[in-house]
Amino acid sequence: MSGPAAPSGEYAVVVPTLGRPGLGVCLRALAEAEGPGPARVVVVDDRPDPAGTPLTAAVPPSLRSRTLVVPGGARGPAAARNTGWRAAGDVPWIVFLDDDVVPGPTWADDLALDLAGASVATAGIAARIEVPLPPDRRTADWERNTAGLAGARWITADMAYRRRVLEAVGGFDERFRRAFREDADLALRVLDAGWTLSEGRRTTTHPVRPAGRWASVRLQAGNADDVLMTRLHGRGWWRRAEAPRGRLPVHLAVTSAGLAAVGCALSGRPRAAAACAAGWLAGTAEFALARILPGPRTRDEIVTMVLTSALVPPAAAWHWLRGQVVHRTAPRHAPHRSGNPASAHRPAAGERLRS
């Protein structure tokens, strides 16, 4: 005999984490937000070595009796979120938060209004993401990159989904091993299943976290995820997900010009080599200027932009080619076909905190 149904506005919060310092800030803001709190908080420890500093120290006292820490297995954020929502218990709504966001002071009250206003066809409700930028100077390239999250659709920095929808579509696709495109993929599958997605009134801040000089080069690994998205959803997925197309075609052309210059030089064709090298140089210079001119133009920023503008195109081309190989057999997503219910999955073993 089943117990009483959970209230329709009851929710659990799932936070996958690598143990970054922002986790404590996020959880404290969640605990202090005005309004009805979560029925449960699931922190998914996705660190490669979870034997480090216990994450329990980041949990505020007021949340400890409702918090569960579960191992994620270091399989990436998509798998960690699946682990989290399956461990969250039988609640109608699952709210996914990133570990580096800060829910607003009225977040819980606003979420309650979001959930109460959801129609029977609403599968998910996105928060409004704010990215604070320095008011007294031009923004650096990495800051502008982070600021793009404010206009992104359905990102799981703060996204609420009905649990039964997650069960119906099978949750997140765990082939997405990075924090990139796994949210867009889920949103498109949910829309294809006949549900709707909406934007709520709650507001969450996503600070610009520190990044090293080569951050923009590392980001190019996302081109392999874009290949998987194309395999799953077709070439028009960019428009449906309202995602920016990016500069991949230009990066491929610039990289091809550079390789052609080397090939022509090695084969004894100096004029052709010079022409190809000029094309490579022009493309690289254009890319660097497009990143330098809107920025603060400090010496360090200019050096970073010049160096990475030469490395980003070949990195993008490499990861795009890698994606073509790795995902060559990925079948096209079948619209309007529900995934197997996730009720057969056992909740992960976890550590309940004591107040």
Side-chain angles (χ1 to χ4, degrees), residues 1-15 30 33-42 66 78 81-97 103-104 106-129 151-173 182-204 232-233 236-237 239-243 333-345 347:
M1 182 175 180
S2 60
S8 60
E10 192 174 46
Y11 67 97
V13 171
V14 172
V15 186
L30 177 64
E34 297 178 4
R40 177 171 290 182
V41 177
V42 181
R66 291 173 281 167
R81 292 190 184 101
N82 283 340
T83 297
W85 70 259
R86 288 167 180 155
D90 188 17
V91 293
W93 291 92
I94 306 292
V95 183
F96 297 102
L97 292 178
T106 61
W107 184 88
D109 268 336
D110 294 337
L111 173 65
L113 293 173
D114 289 345
L115 302 184
S119 72
V120 294
T122 302
I125 308 170
R128 299 175 183 178
I129 303 298
R153 300 284 276 175
W154 327 130
I155 60 172
T156 41
D158 184 343
M159 184 74 189
Y161 273 106
R162 290 188 191 271
R163 180 186 174 92
R164 63 191 178 96
V165 172
L166 295 170
E167 292 174 345
V169 302
F172 292 88
D173 188 330
E182 83 290 351
D183 42 15
D185 166 73
L186 176 60
L188 293 183
R189 287 188 285 117
V190 166
L191 294 171
D192 284 342
W195 296 83
T196 62
L197 298 170
S198 64
E199 182 180 274
R201 69 189 70 200
R202 68 191 187 281
T203 300
T204 293
L232 297 175
H233 301 284
W237 74 266
R239 292 185 297 275
R240 295 183 58 216
E242 299 181 38
H333 163 67
H336 308 297
R337 188 179 74 180
S338 296
N340 294 326
S343 57
H345 291 273

**Report entry** Chi angles and distances behind the side chain to side chain contact (heavy atoms under 4.5 Å, CB included) call for Leu186, Leu166
**Finding:** CA-CA 9 Å; Leu186 176 60; Leu166 295 170; 4.0 Å; yes
Given 3.5 Å as the limit, does a donor-acceptor pair link the side chain of [X] with the main chain of [Y], or not?
X      : Y      : answer
Arg128 : Gly200 : yes
Arg162 : Thr122 : yes
Arg163 : Ile94  : no
Thr196 : Ala121 : yes

Quick one: [atom1] on [X] to [atom2] on [Y], what's the gap to the nearest 0.5 Å?
X      : Y      : atom1 : atom2 : result
Leu97  : Thr204 : CG    : OG1   : 6.5 Å
Arg153 : Arg240 : CZ    : CZ    : 13.0 Å
Met159 : Glu199 : CE    : CD    : 10.0 Å
Leu197 : Leu191 : CG    : CG    : 4.5 Å

Report task. Output all residues satisfying salt bridge (charged side-chain N to carboxylate O under 4.0 Å, His left out) with Asp114, sequence neighbours left out; order by chain, then residue number. Result ->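 Testing Asp114 for salt bridge (charged side-chain N to carboxylate O under 4.0 Å, His left out), a comparison that skips the adjacent residues, returns Arg201, Arg202.
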Query - Non-neighbouring partners of Arg164 that pass salt bridge (charged side-chain N to carboxylate O under 4.0 Å, His left out), sequence neighbours left out - result: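 Salt bridge (charged side-chain N to carboxylate O under 4.0 Å, His left out) check on Arg164 returns nothing, list empty.
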Where do [X] and [Y] come nearest, in terms of heavy atoms and distance?
X      : Y      : result
Ala108 : Ala33  : N-CB, 3.9 Å
Ala243 : Trp237 : CB-CZ3, 4.1 Å
Val169 : Ala193 : CG1-CB, 4.4 Å
Arg40  : Ala87  : NH1-O, 3.3 Å
Ala160 : Val95  : CB-CG2, 3.9 Å
Ala187 : Trp154 : CB-CD1, 3.5 Å

Measuring only between side-chain heavy atoms, which start at C-beta, is [X] closer than 4.5 Å to [Y]?
X      : Y      : value
Pro36  : Asp109 : yes
Asp173 : Leu232 : yes
Asp158 : Trp107 : yes

Requested in this report: Only counting residues at least two apart or in another chain, list the ones meeting ring-ring contact (aromatic ring centres under 6.0 Å, His included) with Tyr161.
Outcome: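 Residues passing ring-ring contact (aromatic ring centres under 6.0 Å, His included) with Tyr161: none at all.
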Requested in this report: Start with the C-alpha gap between Asp185 and Arg189, add the side-chain angles, then the distance that decides, and say whether side chain to side chain contact (heavy atoms under 4.5 Å, CB included) holds.
Outcome: CA-CA 6 Å; Asp185 166 73; Arg189 287 188 285 117; 3.0 Å; yes
Query raised in the report: How far apart are the C-alpha atoms of Phe96 and Asp183, what are their side-chain angles, what is the distance that settles it, and do they pass the side chain to side chain contact (heavy atoms under 4.5 Å, CB included) test?
Result: CA-CA 11 Å; Phe96 297 102; Asp183 42 15; over 6 Å; no
Requested in this report: Please test Leu111 against Trp93 for side chain to side chain contact (heavy atoms under 4.5 Å, CB included), starting from the C-alpha separation and ending with a verdict.
Outcome: CA-CA 11 Å; Leu111 173 65; Trp93 291 92; over 6 Å; no
